[in-house]
Number of protein chains: 2
Amino acid sequence: MDDPLFLASDLRLAVHRLARRLRVEQPDDDLTLTQISALATIWRFGPLTAGDLAQRERVRPPSISRVLASLEAAGLAQRRENPRDARQVIVSVTPAGDRRILEAVRMSEAWLAERLQMLTADEHDVLAKAAALMERLASAEERSLADRRATT
Amino acid sequence: MDDPLFLASDLRLAVHRLARRLRVEQPDDDLTLTQISALATIWRFGPLTAGDLAQRERVRPPSISRVLASLEAAGLAQRRENPRDARQVIVSVTPAGDRRILEAVRMSEAWLAERLQMLTADEHDVLAKAAALMERLASAEERSLADRRATT
DNA sequence: TATTGTTATACTCTATAACTATA
DNA sequence: TATAGTTATAGAGTATAACAATA
């Protein structure tokens, strides 16, 4: 039952399928999950450099550039040059982004929130704990990465 | 803490990020998560029609056609015409697919299985329960779908 | 030279629309 | 006409490679 091999298999498929479903259930007029994820990270940890954001989101710099361009076009985030190192870009949430983020997140969560109401309080508790564990798994460092970029 | 709105937000981001990470950590020489998901469903529920497979995987028919074409090219699944209704395609796992599926799944799960070893037995238990709940959420029916196709 | 970020390009996964074959 | 599946096409999200600017 808690054989790590079967668990890995079950968890992997469940995550894949729920992620696929969540993408489909996005409201058309709102931000995509990728944009919300980045915006939430800027909101929580910003201002931060584009590179730091890419690391926190665990995507490559070009991917972050794309997302940032869309968030900037939507007026929700802004990029400024770092006066102390002109190579860097400092990313922050705009006042409009700050005003809208909670609502945007709530709206985009509507489908899932409704389905969660079908579950019991105990099941909510399991999912809350699991969400924290999945974040840890998603962020887990590994040898190969540590080798590639020595983050001290 | 178990406010469904915050839970939805946390769960959604966690699933999105772990799914992204899992995709990156796929071994190059193996099947993709999408292929494995489909193959596992054929293995478990097949033989079944292409349409049934699409419904179980919760994707549209063209998406299944693509995945089936790749699985067939890899010799792991096969499509046969249904003698009783020549419009339908019956999908099944080939002997080669049957021989290889468990190993393919295990290989592709290697990264996650290794990271799960960092967790406690209690945490494994939480994830196992959460995986079942996430499958339920991913498969949850809704009004609009029920309207579109009256599945009795 | 090394680092930071962007642009150019390509690939995967998914969808909708249009089409073919069959019922 | 309606249904099952495929092909054509498009869009999102991500990557690697090449580039420009700065340290």
Side-chain angles (χ1 to χ4, degrees), chain A residues 15-28 30-38 48-55 57-74 77-91 108 138 145 148-151, chain B residues 15-26 28 30-38 48-55 57-74 77-91 138 145 148-151:
Chain A
V15 167
H16 173 66
R17 287 168 180 158
L18 185 52
R20 189 157 64 184
R21 183 72 185 269
L22 287 172
R23 191 171 57 69
V24 167
E25 299 293 347
Q26 276 175 170
D28 291 345
D30 204 55
L31 301 171
T32 68
L33 190 41
T34 295
Q35 291 171 318
I36 288 176
S37 177
L48 75 178
T49 68
D52 286 344
L53 178 57
Q55 276 200 306
E57 285 290 296
R58 292 217 150 254
V59 296
R60 299 292 175 192
S63 304
I64 278 298
S65 280
R66 278 177 62 93
V67 177
L68 285 176
S70 69
L71 288 176
E72 204 165 41
Q78 67 178 355
R79 290 182 278 192
R80 294 191 317 271
E81 194 179 82
N82 185 353
R84 285 186 285 182
D85 184 342
R87 292 172 305 181
Q88 290 186 333
V89 163
I90 305 292
V91 182
S108 70
L145 258 180
R148 261 193 282 165
R149 87 174 42 224
T151 34
Chain B
V15 166
H16 173 65
R17 288 169 180 158
L18 185 52
R20 190 157 64 184
R21 183 72 186 269
L22 287 172
R23 191 172 56 69
V24 167
E25 299 293 346
Q26 278 176 167
D28 291 346
D30 205 56
L31 301 170
T32 69
L33 193 41
T34 296
Q35 291 171 319
I36 288 176
S37 178
L48 76 180
T49 68
D52 286 344
L53 178 58
Q55 275 199 308
E57 285 290 296
R58 292 217 151 255
V59 296
R60 298 293 175 191
S63 303
I64 278 298
S65 280
R66 278 180 60 92
V67 177
L68 285 177
S70 69
L71 289 176
E72 204 165 39
Q78 67 177 354
R79 290 182 279 193
R80 293 190 318 271
E81 194 178 81
N82 185 353
R84 286 185 285 182
D85 184 342
R87 293 173 305 182
Q88 289 186 334
V89 163
I90 304 294
V91 182
L145 258 182
R148 261 191 284 164
R149 82 173 48 222
T151 33

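Throughout, protein chains are lettered first and strands after them, A, B, ... in sequence-line order, and every chain is numbered starting at 1. Here the structure is a predicted model, which means the values were calculated and not measured. When reading the values below, keep in mind they use all heavy atoms of this one structure, side chains included, and skip hydrogens, waters and symmetry mates.
Distances shorter than 4.0 Å separate none of the side-chain N or O atoms of Ser63(B) from OP1 or OP2 on dC13(C). Contact check, Arg60(B) against dT16(C): a side-chain N or O comes under 4.0 Å of OP1 or OP2. Residue Thr32(A) places at least one side-chain N or O under 4.0 Å from the OP1 or OP2 atom of dG13(D).
Computed from coordinates, the Arg17(B) CZ to dT14(D) P distance equals 11 Å when rounded to whole Å. The distance between atom CD1 of Ile90(A) and atom P of dT4(C), rounded to the nearest whole Å, is 12 Å. At whole-Å resolution of the value, CD in Gln55(B) and P in dG5(D) are 10 Å apart. If you take CZ of Arg21(A) and P of dT14(C), they are 14 Å apart, rounded to a whole angstrom. Between the P atom of dT3(D) and the CG atom of Asn82(B) lies a distance of 17 Å, rounded to the nearest Å. In this entry the distance linking CG of Asp52(B) with C1' of dG5(D) reads 13 Å, nearest Å. Distance Glu57(A) CD to dA15(D) C1': 16 Å, rounded to the nearest Å. Nucleotide dC13(C) holds its C1' atom 9 Å from the NE2 atom of His16(A), rounded to whole Å.
For Pro62(A), the listed nucleotide lying nearest its side chain is dT16(D); candidates were dT16(D), dG5(C), dC13(C). Of the candidates dT22(D), dT6(D), dT7(C), dT6(D) carries the atom nearest the Arg79(B) side chain, counting heavy atoms from C-beta on.
Backbone-only contact: Arg20(A) has heavy atoms under 4.0 Å from sugar-phosphate atoms and none from a base.
Projected onto DNA chain D by closest heavy-atom contact, Leu33(A) and Glu81(A) fall at different nucleotides, the more 5' of which corresponds to Leu33(A). A residue-by-residue look at Thr34(B) and Ala86(B) shows that Thr34(B) has its nearest nucleotide of DNA chain C further toward the 5' end. Where Val89(B) and Arg23(B) each meet DNA chain D at their nearest nucleotide, the meeting point lying more 5' is that of Val89(B).
In plain terms, the two heavy atoms of Val91(A) and Thr49(A) that are nearest each other are CG2-C, 4.4 Å. In this structure, Arg79(A) and Ala69(A) approach most closely via the heavy-atom pair NH2-CA, 3.5 Å. Closest approach of Leu68(A) to Ala50(A), counting heavy atoms only: CD1-CB, 4.2 Å. For the residue pair Leu71(A) and Ala38(A), the shortest heavy atom distance occurs at CD1-CB, 4.2 Å.
Once rounded to the nearest 0.5 Å, the distance linking CD of Glu25(A) with CG of Leu33(A) reads 12.5 Å.
Between the side chain of Arg87(A) and the base of dT3(C), at least one donor-acceptor pair of N or O atoms lies under 3.5 Å.
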